A.B. asks: 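Structure in structure tokens, see below.
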Amino acid sequence: MNDKEILETNSKEKLKIVFMGTPDFAVPALKKLIERHNVISVFTKEAKPVGRNMVLTKSPVQVVAEEYGIPVQTPKNFKDVLSITKVQMFHPDMIIVCAYGVILPERVLDIPRLGCINIHASILPRHRGANPIQRAIMAGDRMAGVTIMNMDKGVDTGSMLLKDAIPVPQDMTYGELENALSEMGGNLIIEYLDNMDNILPQRQPREFTLAPKLEKEEAIINWEKNATTIHNLVRGLSPYPYAKFTHNDNVIKLIKSEVVKETTDKPAGTVLSNDLQIACGEGTVLKILSVQKAGGKIIDTKSFLNGYKIEIGEVLK
RNA sequence: CGCGGGAUAGAGCAGUCUGGUAGCUCGCAAGGCUCAUAACCUUGAGGUCAGUGGUUCAAAUCCACUUCCCGCAA
């Protein structure tokens, strides 16, 4: 063991880390890393106009980084030499990426001597891609988790280092699962850094599934699908952007639903009862528990029906 | 100045255009009917119509401003 290696071993707890991430999901990991290691810089997506008044808003990761006084970089991407140089400048031992939203080219992946490590919110190789958490709920997965992995030039294709998983109750929403996995990701990356030397990278099995970015049309409910599929869509898109349907030109978001045991022979979309049980595909029935109308707050179905007319026998589209 | 909707009883809404007694569906309370009920009937309580100012004989309603809430878009 030469001097350099001894030095590295002794200073392992003081790894120079560059953190890359953007949304709330990445915040627990960032905080834990800041507390235990040496996060020398944070890369995040640039502040963008957001919300009702188009106010320029910093990403949650940037807000936290600035609270801790850590320098923040917001390159648009790494297609130009300058933004790559920005990474090189810091001479990081390791880059840790968590829901960054920007693709890292090989020239960036090669910079840190300990490589680029990704915190991915699925049990790989299931749900590679941009929206693993929503996709897991939408698919009705019984288990969900986080994988710590080495990054390579493919999207979520690198070798796996550490995993953890939790059961997913069939009424859990995307938001709830995201919170759970967000904490898990923070804990798991710390666990990895503590035990790095004893962890062997493992190749991903060949069989994988993709979790592509959500398209807008996917939020529109198709009553021809069976009730479980729709129910999974509802909770997979809660609390954002919510599954929706239109009734008399009113957009109605479906906040909470429940699959009913009974079956029906009415065509899909038929309103079956005065508490909004709706016929779905294959004779299944979905009960709507709470909704939100454009301009209104989230309310339970009973309140909603006190002021909004939907007749039994109507067929929703 | 990105586009738009909204604030009326504990809840959800109508009424505003066209100014003139505060309404609907629920909930709540009391009583009745019933073997019984979340069903049905009767009665009742509960409002500073978001706030401030203006117009008017008269404002939930028209005008101006303020505060708060929400949808779209990104």
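Note that the structure is a prediction, hence the values are computed from the model and not measured. We name chains A, B, ... by the order of the sequence lines, and we start the count at 1 in each one.
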A.B. asks: Under a 3.5 Å cut-off for both contacts, is B/A64 paired Watson-Crick or G-U wobble with anything, and if yes, with which nucleotide?
C.D. replies: B/U52
A.B. asks: If you measure from the C1' atom in B/U16 to the same atom in B/G6, how many Å do you get, rounded?
C.D. replies: 14 Å
A.B. asks: Name the pairing partner of B/A59, where a pair is Watson-Crick or G-U wobble with both distances under 3.5 Å, or state none.
C.D. replies: none
A.B. asks: Between B/A45 and B/G54, how far apart are the two P atoms, rounded to whole Å?
C.D. replies: 34 Å
A.B. asks: Between A/K309 and A/S303, which is nearer to the 5' end of RNA chain B once each is assigned its nearest nucleotide?
C.D. replies: A/S303
A.B. asks: When all nucleic acid strands are considered with a 4.0 Å heavy-atom cut-off, which category describes A/K244: base, sugar-phosphate, or nothing?
C.D. replies: sugar-phosphate
A.B. asks: Please evaluate residues A/T229 and A/N232 with respect to the criterion side-chain hydrogen bond (donor to acceptor under 3.5 Å, both in side chains), reporting the C-alpha separation (whole Å), side-chain torsions for both, the decisive distance (0.1 Å), and the verdict.
C.D. replies: CA-CA 5 Å; A/T229 304; A/N232 289 340; 5.8 Å; no
A.B. asks: Considering every strand shown, what is the Watson-Crick or G-U wobble mate of B/U16 when both distances are under 3.5 Å?
C.D. replies: none
A.B. asks: Quantified in whole Å, what is the P atom distance between nucleotide B/U61 and nucleotide B/C69?
C.D. replies: 23 Å
A.B. asks: Pair up each side-chain donor or acceptor in residues 88-103 of chain A with any protein partner under 3.5 Å, not counting sequence neighbours, and list the distances.
C.D. replies:
residue : atom : partner : partner atom : Å
A/D93   : OD1  : A/R113  : NE           : 3.0
A/D93   : OD2  : A/K16   : N            : 2.7

A.B. asks: Say we look at B/G15 and B/G47: how far apart would their C1' atoms be, to the nearest angstrom?
C.D. replies: 15 Å
A.B. asks: Write down the partner of B/A45 under the Watson-Crick or G-U wobble criteria, each distance required to be under 3.5 Å.
C.D. replies: none
A.B. asks: Can you check the distance between B/C63 and B/U48, where both ends of the measurement are the P atom (answer in whole Å)?
C.D. replies: 25 Å
A.B. asks: Could you walk me through whether A/T74 and A/T44 pass side-chain hydrogen bond (donor to acceptor under 3.5 Å, both in side chains), step by step?
C.D. replies: CA-CA 5 Å; A/T74 60; A/T44 190; over 6 Å; no
A.B. asks: Go through the structure and list residues passing ring pair (Phe, Tyr, Trp, His ring centres under 6.0 Å) with A/Y308, not counting sequence neighbours.
C.D. replies: A/H247, A/F304
A.B. asks: With a 4.0 Å cut-off, would you call A/D141 and A/R126 a salt bridge?
C.D. replies: yes
A.B. asks: Provide the start and end nucleotides, 5' to 3', of the part of RNA chain B that has atoms under 4.0 Å from heavy atoms of chain A.
C.D. replies: B/G2 to B/A74
A.B. asks: When you compare B/A29 with B/G19, how far apart are their C1' atoms, in angstrom units rounded to a whole number?
C.D. replies: 36 Å
A.B. asks: Say we look at B/C70 and B/G31: how far apart would their C1' atoms be, to the nearest angstrom?
C.D. replies: 42 Å
A.B. asks: Base, sugar-phosphate alone, or nothing: which one does A/K48 contact when heavy atoms must sit under 4.0 Å apart?
C.D. replies: nothing
A.B. asks: On RNA chain B, check which nucleotide each of A/K216 and A/D300 is closest to and give me the residue with the more 5' one.
C.D. replies: A/D300
A.B. asks: Considering Watson-Crick and G-U wobble pairs with both distances under 3.5 Å, what does B/C40 pair with?
C.D. replies: B/G32
A.B. asks: For the P atoms, the ones on B/C49 and on B/C40, what distance do you get once it is rounded to whole angstrom?
C.D. replies: 32 Å
A.B. asks: Between A/R135 and A/E218 (salt bridge meaning N to carboxylate O under 4.0 Å), is one present in this structure?
C.D. replies: yes
A.B. asks: Going by an N to O cut-off under 4.0 Å, is there a salt bridge joining A/K287 and A/D275?
C.D. replies: yes
